[in-house]
Protein chains: 2
Amino acid sequence: MVQIPKTPASSAPRSVPTSADVARLAGVSRATVSYVLNNSSAVRISEPTRRRVHEAARELGYVPHAAARSLRAGHSRTVLMPAPGFPVGPLYSRFIGELQWALGRLDYTVVQYGTAGPQGDDAARAWAELRPVAVLVPGSGLGPQGVEILKRSGARAVVTLGPEPVDGAHALLMDHEAVGHRAGRHLYDRGRRRIGVVLPAEPGLEVFSAPRLEGVRRAVRGTDATVTELHLAYEEHSAARLAARWRSLGLDAVFAYNDEYAMLLMRALQDEGVAVPAETAVIGADDLMLGRLLRPRLSTVHLELPSGRELAALVDRAVHDPGARPERHEVLGATVVHRESS
Amino acid sequence: MVQIPKTPASSAPRSVPTSADVARLAGVSRATVSYVLNNSSAVRISEPTRRRVHEAARELGYVPHAAARSLRAGHSRTVLMPAPGFPVGPLYSRFIGELQWALGRLDYTVVQYGTAGPQGDDAARAWAELRPVAVLVPGSGLGPQGVEILKRSGARAVVTLGPEPVDGAHALLMDHEAVGHRAGRHLYDRGRRRIGVVLPAEPGLEVFSAPRLEGVRRAVRGTDATVTELHLAYEEHSAARLAARWRSLGLDAVFAYNDEYAMLLMRALQDEGVAVPAETAVIGADDLMLGRLLRPRLSTVHLELPSGRELAALVDRAVHDPGARPERHEVLGATVVHRESS
DNA sequence: TTGAAAGCGATACCAA
DNA sequence: TTGGTATCGCTTTCAA
């Protein structure tokens, strides 16, 4: 074995230092290095030795190898979640941020796994390769099979955040059907009977839009009100086209999927001379700042996501007691905020 | 060693299957399992054996252990990037998505590391523990020290995306100073002389807002125009307060940081009876859909982020040739889109 | 065509 | 107080 000389200048591509290198430089064994660097309380190491080890580690720029460590330990504290595959709003961003912070406090490392390529069970297998201690899956896309794969690979907790519970996994149920229901109910109560529901043309949003539509349907079931699906892309001319044939649709209200689509559509309607809310009532969802700034002020369905702290606590509980019966929580608070557009 | 009996029902908490288990069940050696499952072309395995191995792997629900694999291999194909610590706009979301997809095509695994706790060099050390083959760092917050730590730990490429290059790392320079400069220039050219610049009160945005402000300053340096800093939180009443004292500020133009703050402020100004653009010109940045829908239509600075494909290619190049001189690319295309508000 | 065994880096048990 | 060493799961060289 060649001893690589320590170069004073830092341009030589040295090989990655290991704990053995630290041990060599400090003149102690690898065991001692491990004890010192991990502050092992089981063993008492003399102060001079500690110093020498720390010194050597610093000098070499030693950083422990997570893979080796968790291989040896037989477990990691990695919480994996697939990265969202579509632009997320401020609500969700904040939620993720909070969650990461809260899990960080509990000494977990959160890792968002790049969403590309594998789908369904293959995705679950890819995640399982990392042997995360817990997996958080937003949206649907994970089936009972996937849950089984993850658990078999050592995941002590699998939590889904989505419209439906999945066998074997804890579920934070985000009932988007209820969002639609609230919106539909509100419009119906305001005397509207011919209700349009916007379905975004952008892919990946069906998970949310389909249940929202269904919620509106349920809200007016058994009444004389009708529900009409409206496909709308998030583009000005798509909205203009829809607005152009608006009067032929004979609608007196529209649930616009969310505030952004609502703004897009409302603008197009106004440009077309359709009076809001007189001729057509408009309601969005998400309660973005945006809506408050529009004229008329946009009515919306305010959504309350679970706090990151709560979810972090759930994860921690589940990790400690993997055998427990899967928890099921209804977490999407949906309340109508009535402003001027409806 | 206790042989765990195969249970027909799947509720028993079996231990995680390893390649040795697969080998045992298939009646072959672990080497053979590895050959088969990795489609090793160096060795030819008989068809019946292959089948038996695949069968056994499927039956046990075997998933390889990434840590063990990369430990043995001495490298991984993980590209790490810290997860953004603040709500990101659609621009950045799309960029990340593209990037993940493009790197996925090149067989890298993208992992967003949860931003909590460690800062500065400690963060770099935490990332280094995962031994990523490449690290992508948006924003500032990584210094030359951090780069050195990462490289010493085997990262073959470190790429920063931010306002300033960092020694030793490739840099995708996002020149926010230029954004401010374009905006300032535009306002000046439109005859405005008393220019306000919005600085968001929200933390974490200084990285962008400071250089944008500086850009405006530079644009009017040596002229008779003045620049006034305006602190604004992303809340209605903050905007209302600012609007209430607007006339006392004597400004005839404002660069509102971005389109969202611009919308917020413009609405407040209009509510206060300040005519836009007659009395005060307003320009935002980011060219969101939003701005097109406002009345007057919002002038903005359109930003062009690098395509994910380009960045993926840069990463791949850098990984293949770690010794190469750090590349430096100006990637933030900034062009004024003049609409009606200025 | 298949198997035995070394070794990646870190940890923790048992001795000394 | 410190060191030697087996071990985690996997890949790969060398032999058989």
Side-chain angles (χ1 to χ4, degrees), chain A residues 1 15-53 56-57 60-78 125 128-133 152-154, chain B residues 1 15-53 56-57 60-77 125 128-131 133 152-154:
Chain A
M1 174 154 296
S15 70
V16 182
T18 72
S19 74
D21 296 321
V22 177
R24 208 156 18 234
L25 183 56
V28 299
S29 76
R30 296 157 64 220
T32 305
V33 171
S34 178
Y35 293 141
V36 172
L37 264 29
N38 294 304
N39 262 316
S40 170
S41 53
V43 183
R44 292 193 45 74
I45 304 282
S46 71
E47 204 44 53
T49 305
R50 305 188 86 80
R51 219 190 311 283
R52 285 221 312 290
V53 170
L60 293 175
Y62 169 73
V63 175
H65 193 305
R69 189 200 296 254
S70 70
L71 179 59
R72 171 62 230 235
H75 62 258
S76 73
R77 290 191 65 83
T78 301
R125 253 182 291 272
E129 291 194 2
L130 299 187
R131 296 293 190 270
V133 67
R152 267 254 239 306
S153 302
Chain B
M1 172 154 297
S15 69
V16 183
T18 71
S19 74
D21 297 322
V22 176
R24 209 158 13 236
L25 182 57
V28 300
S29 76
R30 296 157 60 219
T32 306
V33 170
S34 178
Y35 292 142
V36 171
L37 295 180
N38 293 307
N39 262 315
S40 169
S41 53
V43 183
R44 292 195 47 74
I45 305 283
S46 70
E47 204 43 53
T49 304
R50 305 187 87 81
R51 218 190 311 283
R52 285 221 310 291
V53 170
L60 293 175
Y62 170 73
V63 175
H65 193 307
R69 189 201 296 260
S70 72
L71 181 58
R72 170 64 228 232
H75 62 258
S76 73
R77 290 190 66 82
R125 252 182 292 271
E129 291 194 1
L130 298 187
R131 297 290 191 272
V133 67
R152 267 255 236 305
S153 302

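Every chain is numbered from 1 and lettered A, B, ... according to where its sequence line falls, protein lines coming before strand lines. Just the heavy atoms: all of them, side chains too, but no hydrogens, waters or symmetry mates, feed the values below.
- With sequence neighbours left out, A:R50 forms a side chain to side chain donor-acceptor pair (under 3.5 Å) with A:N39.
- Following rounding to the nearest Å, A:R131 (CZ) and D:dC10 (P) show an atom-to-atom distance of 6 Å.
- Annotation: side chain to side chain donor-acceptor pair (under 3.5 Å) contacts of A:R125 (sequence neighbours excluded): A:D122.
- What you find for B:A57 and B:L37 is that their closest heavy atoms are CB-CD2, 4.3 Å.
- Taking five base pairs at each end of the helix from C:dT1-D:dA16 to C:dA16-D:dT1, the local helix axes there meet at an angle of 50°, rounded to 10°.
- The closest donor-acceptor contact from the side chain of B:R30 to the backbone of B:A20 lies at 3.5 Å or more, if one exists at all.
- Residue A:R24 contributes atom CZ, which lies 13 Å from atom P of D:dG4 at whole-angstrom precision.
- Remark: A:L130 engages A:L80, A:Y113, A:P132, B:A66 in a side chain to side chain contact (heavy atoms under 4.5 Å, CB included) (not counting sequence neighbours).
- Atom P of nucleotide D:dT12 and atom CZ of B:R30 are separated by 13 Å, given to the nearest angstrom.
- Judged as a side chain to side chain donor-acceptor pair (under 3.5 Å), and not counting sequence neighbours, B:S40 has no contacts.
- Not counting sequence neighbours, A:R72 has no partner by the salt bridge (charged side-chain N to carboxylate O under 4.0 Å, His left out) test.
- Less than 4.0 Å separates DNA chain D from at least one heavy atom of each of the following residues of residues 68-76 of chain A: A:L71, A:R72.
- Contacts between residues 31-51 of chain A and DNA chain D, counted as heavy-atom distances below 4.0 Å, involve A:A31, A:T32, A:Y35, A:V43, A:R44, A:I45, A:S46, A:T49.
- Taking atom CG of A:L130 as the reference point, atom P of D:dC10 lies 13 Å away to the nearest angstrom.
- Following rounding to the nearest Å, B:L60 (CG) and D:dC10 (P) show an atom-to-atom distance of 12 Å.
- In terms of the side chain to side chain contact (heavy atoms under 4.5 Å, CB included) criterion, residue partners of B:S76 (sequence neighbours excluded) are, by chain and number, B:S70, B:T78.
- Contact annotation: B:S29 does not reach the phosphate of C:dA4 (side-chain N/O to OP1 or OP2, under 4.0 Å).
- Spacing between atom CZ of A:R52 and atom C1' of D:dG3 amounts to 14 Å, rounded to whole angstrom units.
- Listed by chain and residue number, nothing satisfies the side chain to side chain donor-acceptor pair (under 3.5 Å) test with A:S19 (two or more places apart in sequence, or in another chain).
- A search for salt bridge (charged side-chain N to carboxylate O under 4.0 Å, His left out) contacts involving B:R77 returns B:D107, not counting sequence neighbours.
- Residues that satisfy the side chain to side chain contact (heavy atoms under 4.5 Å, CB included) test with A:T32, not counting sequence neighbours, are A:V28, A:S29, A:V36, A:I45, A:T49.
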